[in-house]
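The sequence lines fix the lettering, A, B, ..., with proteins before strands; numbering per chain opens at 1. Only a predicted model underlies this, so the values are computations on that prediction, with no experimental measurement involved.
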Amino acid sequence: MVKHPVTPLLNQFLNFSTIGQWNFSIREAVNHGYAHKALTLFRQMKQNGVEPNNWTFPFLAKACTKVSNFKCSQIIHSHVMKSPFWSDVFVQTAMVDMYVKCNQLDDAYNLFVRMSMRDVASWNAILHGFAQSGFLDRVSCLLHDMRFSGIQPDSVTVMGLTRAVLHTKSLKLVKSLHSFAIQIGIDVDVLVANTWIAAYAKCGDFGLAEVVFNEIDIVTRTVVSWNSMIAGCANFVNFFGAVNYYKCMLHEGFRPDLSTIVSLLSSCVQPEALFQGCGQIGALELGKWIDNYSISNGLKDNLIICNAFIDMYAKCGCLNDARELFYAIPVRSLVSWTTMIAGCALNGEFTEALNLFSQMVELGLKPNHVTFLAALQACSHGGLLEKGWEYFGMMTRKYNICPGVDHYSCMVDLLGRRGKLKEALEFIHLMPIKPDPGIWGALLGACKVHRNVKIGEYVSHRLFELEPQVAAPYAEMANIYASKGRWDGVAAIRTMMKSNKVRKSPGQSLVQVKGKTHIFTVEHRDHPEGMLIYMMLDSLNLHLKKARLPLSYEVDMNCSEATLFSS
DNA sequence: GTAGGGTTAG
C-alpha cells in the first residue's frame, strides 16, 4: 500500500471528542498503511474516555491483520467482548478474519461456530482460512453447511474454493469449479478472473489462463491481471512469454509493481531462460536490467524483491552478486537465509551453505521445511552423507517437521551417490509416504553410476508402472545394461519402448556465450569448435576422477551404444 | 464512515 503523509492530518483530530471523529481517523490511518498509528489512536481514544462502537472494531481488526500481531488481536478481541457489540455480525466477522490472517485458525473457527448469526461474509472469512491452509475437505464441508443454512455462495466464496483447490494442482477440479461458478451465476469480475488465470496456469493449462485473460475487457484489466499472466508464464517455464506479456503490459500503459518484478525474475531462472536468453538479451542481462529498474523505482528496498534477486543471481551462477545482496540486507528473513543456503548448495559451496544454516539458527531463526531441503541439497550435492543424516534427524526430532517427498529424495540421492544402493532401497520401503517418480529416478540414476543391474531392474520397473510414457527411465536402464555388455537387456528395453509407444527426443544442451546460443545434441559433434570442446571435457572428466569427487559429477561423455537412449 | 476477495521470493 502506498503511504501518504497523513500523520499531521491525523494529529489534528486528536482534540475531537465524538466517536465518529475517532472512527474516521482510525479508518484513515488503517487505509493509508498506518496500522500501528490506528492502534495508538484507539489507545488515546480510550484514554480520552471515549468508548468504541460497532464501527470501530472492524477498523481495529483490519489494523491487527496488517501488523499481524497475535497479542494485539487478543487485546482487541477482549475489548470486543467487554463491549455491547460483541454479537454484531460485522464485528464478529471482522474478528474471525482477524484470527485467520494472524494464522490462528483454531481461534477463528471457535469464534465462527459460536456466532449467533452468520452472513455470506462470515462464511467466506472462515472458508478462506481453511482454503489458504489447503484443507480441501474442511472447505467442501463448509460449502455444504453454508448452502444448507440457506446462504448462497458468491464470487468471494468461489475465490476461496479456487484457492483451496490450488493445493491439489488438479486441473480437473479447477475446471469443475469454473463451471460450478457459471452454473450458480456468480458475477465474474476482474478479481475472480485473475484468480482463475493463476489457477489454470498453476494447474498446467496456460491456454485456458489465456482464454480467461482475453475475456477480460481491456479497460477492466488491472496490473494484477498482467502480473498473473507473467507469473503464469514463469510457472509454465515460458521465459519468452513472460517477457512478451511484460512488454505488452508496458505498451498498455501499466506500471510494473513488486509482483511484476518478482514474477519476471522467477521466469529468468527457468532453464529455458538460463540457457537461451531472449533474442539478443540473455536471462542474466534481463535480470540486471530489472535490477536497475528496481533501484530507480525504489522497489529494491523491498525484502521480497531482494530475496528474488538473490535467487536469480545464484541460479545464474553469479554467487558473488547473490552474496553481496544478501549481506546488504539489514534484516534478513527466513526466506533470505534459505535462498542463500540453496544458492550456495547449487554453486558447489557446501561448507558455506551449512555454515549459513548454523549462523541462522544461532540468530534465533527457526528453519522450516524449505530450509531443510536447501541444507539437504547441500549435503546431497556435496556427498556429505553423515551430515545429511544429521539434518534429516534434526528436522524430524528437534523441529518436528514432517519430511516431504523432496527431503526423502535428497536422502536417497545421498545414499545412492555413496553406492549404498541396498540401503537406499530399504529407506524407500520404510518411507511413510508413497515414493514418487522423483525418488525412484534418483535411485535409478545411482544404479546407472554404480552399474547395478539388479536394483536398476527393480527400480526401473517401478518407474515403468508409474509413468509408462516417460522415456528417461527406459534410457537409464538401457544404459545400465549396455555398461555391463548386456545387449539382451538393451534389446528388451527397445521392444518395451516400441510396444508402449514411447518416443524420446534427443537430449540437448544449450549454452549462451556472448549473446550467441550454442546447441549440443547427443551423438552429434558438429560444433565448429567440437574438437577442442570435447578434448576439454575429456580432460575435465579425468581431473574429476583423480579428485575422486562423487561419481555423479562425471561429465556424461559416453558416445557408445550406451547413449543410444540417453535423454 | 463498518466485515469476507486477485498476482507475488526460498
Side-chain angles (χ1 to χ4, degrees), chain A residues 19-28 30-31 52-62 65 85 88-98 100-101 108 112 118-129 131-132 154-163 186-187 189-199 201-202 216 222-232 234-235 257-266 269 302-312 314-315 332-343 345-346 367-374 377:
Chain A
I19 181 63
Q21 286 157 344
W22 282 104
N23 282 348
F24 175 74
S25 50
I26 292 172
R27 189 196 66 187
E28 287 301 288
V30 179
N31 289 344
N53 67 6
N54 53 325
W55 301 84
T56 324
F57 292 118
F59 298 138
L60 293 172
K62 201 177 198 177
T65 66
F85 309 104
D88 181 281
V89 68
F90 274 77
V91 174
Q92 285 196 314
T93 302
M95 291 295 111
V96 170
D97 179 58
M98 177 180 78
V100 162
K101 298 222 171 95
F112 173 79
R118 304 181 192 107
D119 63 12
V120 65
S122 326
W123 285 96
N124 287 342
I126 194 67
L127 199 136
H128 270 264
Q132 73 185 12
D154 64 4
S155 56
V156 184
T157 321
V158 167
M159 284 161 77
L161 296 172
T162 313
R163 176 173 269 214
I186 67 140
D187 174 31
D189 60 14
V190 67
L191 279 82
V192 176
N194 292 342
T195 312
W196 283 341
I197 292 173
K202 279 186 184 149
I216 315 174
T222 64
V223 67
V224 179
S225 318
W226 290 96
N227 290 347
S228 305
M229 289 309 288
I230 295 170
N235 285 335
D257 68 0
L258 189 148
S259 300
T260 322
I261 301 299
V262 170
S263 301
L264 261 184
L265 278 175
S266 120
V269 297
N302 183 282
L303 187 59
I304 295 183
I305 295 234
C306 275
N307 294 339
F309 272 113
I310 294 174
D311 186 48
M312 186 275 290
K315 284 185 179 152
R332 297 171 202 118
S333 70
L334 179 63
V335 177
S336 324
W337 286 93
T338 306
T339 313
M340 199 59 218
I341 294 169
L346 186 72
N368 68 7
H369 66 287
V370 191
T371 324
F372 274 106
L373 186 61
Q377 276 163 351

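Rounded to whole Å, the distance from CG on A:Asn31 to C1' on B:dA3 is 13 Å. A:Leu60 has its CG atom 13 Å from the C1' atom of B:dA3, to the nearest Å. Separating the CG atom of A:Leu373 from the C1' atom of B:dA9 is a distance of 15 Å, rounded to the nearest angstrom. Distance CZ (A:Phe85) to C1' (B:dA3): 15 Å, rounded to an integer number of Å. We find that CE of A:Met95 is positioned 16 Å from P of B:dT2, with the value rounded to whole Å. In this structure, A:Ile19 places its CD1 atom 12 Å from C1' of B:dT2, rounding to the nearest Å. As rounded to whole Å, 11 Å separates atom C1' of B:dT8 from atom CG of A:Asn235. Straight-line distance from the CG atom of A:Asp257 to the C1' atom of B:dT8: 8 Å, rounded to whole Å.
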Criterion side chain to side chain contact (heavy atoms under 4.5 Å, CB included) on A:Val158 and A:Trp196, from CA distance to verdict: CA-CA 10 Å; A:Val158 167; A:Trp196 283 341; 3.8 Å; yes
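In this structure, A:Phe24 does not pack face-to-face on the six-membered ring of B:dG1, missing the 5.5 Å centre cutoff or the 30° plane limit.
Within the structure, a side-chain polar atom (N or O) of A:Arg163 is placed less than 4.0 Å from OP1 or OP2 of B:dT7. For the pair A:Lys202 and B:dT8, the criterion of a side-chain N or O lying under 4.0 Å from OP1 or OP2 is met. The side chain of A:Lys62 contributes an N or O atom lying less than 4.0 Å from OP1 or OP2 of B:dA3.
Using a 4.0 Å heavy-atom criterion, one finds that A:Ile310 contacts no nucleic acid atom at all. Within 4.0 Å of A:Ser228, counting heavy atoms only, lie sugar-phosphate atoms of the nucleic acid but no base atom. Heavy atoms of A:Val120 sit under 4.0 angstrom from at least one base atom. A:Asp311 comes within 4.0 angstrom of the backbone, heavy atoms only, and of no base. Residue A:Ser336 is out of contact with every strand shown, counting any heavy-atom pair closer than 4.0 Å. Heavy atoms of A:Thr56 sit nowhere under 4.0 angstrom from any nucleic acid atom. A:Val262 comes within 4.0 angstrom of sugar-phosphate atoms only, judged by non-hydrogen atoms across all strands, and of no base. Among the atoms of the strands shown, none is found under 4.0 Å from any heavy atom of A:Asn53. At a threshold of 4.0 angstrom between heavy atoms, the contacts of A:Ala231 are confined to the sugar-phosphate backbone, with no base atom among them. Nucleic acid contact class of A:Val192 (heavy atoms, under 4.0 Å, all strands): base. Residue A:Gly160 is classed as having no contact, given no heavy-atom separation below 4.0 Å to the nucleic acid. Residue-level contact check: A:Thr93 touches the bases, meaning some heavy atom is under 4.0 Å from a base atom.
In this pair, A:Phe57 and A:Phe85 present their aromatic rings tilted. The plane angle is within the 30 to 60° band.
When distances are taken from the side chain of A:Ser259 to each of B:dG10, B:dT8, B:dG5, the shortest belongs to B:dT8. Relative to the side chain of A:Asn194, the nucleotides B:dG6, B:dG1, B:dG5 differ in distance, and B:dG6 lies closest. Distances were taken from every side-chain heavy atom of A:Met159 (C-beta onward) to each of B:dA9, B:dT2, B:dG6; the shortest belongs to B:dG6. When distances are taken from the side chain of A:Ser155 to each of B:dA3, B:dT8, B:dG5, the shortest belongs to B:dG5. Counting only heavy atoms from C-beta on, A:Thr195 has its side chain closest to B:dG6 among B:dG6, B:dT8, B:dG10.
Here A:Pro367 pairs with A:Phe357, A:Met360, A:Val361, A:Thr371, A:Phe372, A:Tyr399 under the side chain to side chain contact (heavy atoms under 4.5 Å, CB included) rule; sequence neighbours left out. For A:Val120, the side chain to side chain contact (heavy atoms under 4.5 Å, CB included) criterion is met by A:Asn124, A:Met146, A:Ile151, A:Asp154, A:Thr157, not counting sequence neighbours.
If you check the side chains of A:Ser333 and A:Ser336, you find a donor sitting under 3.5 Å from an acceptor.
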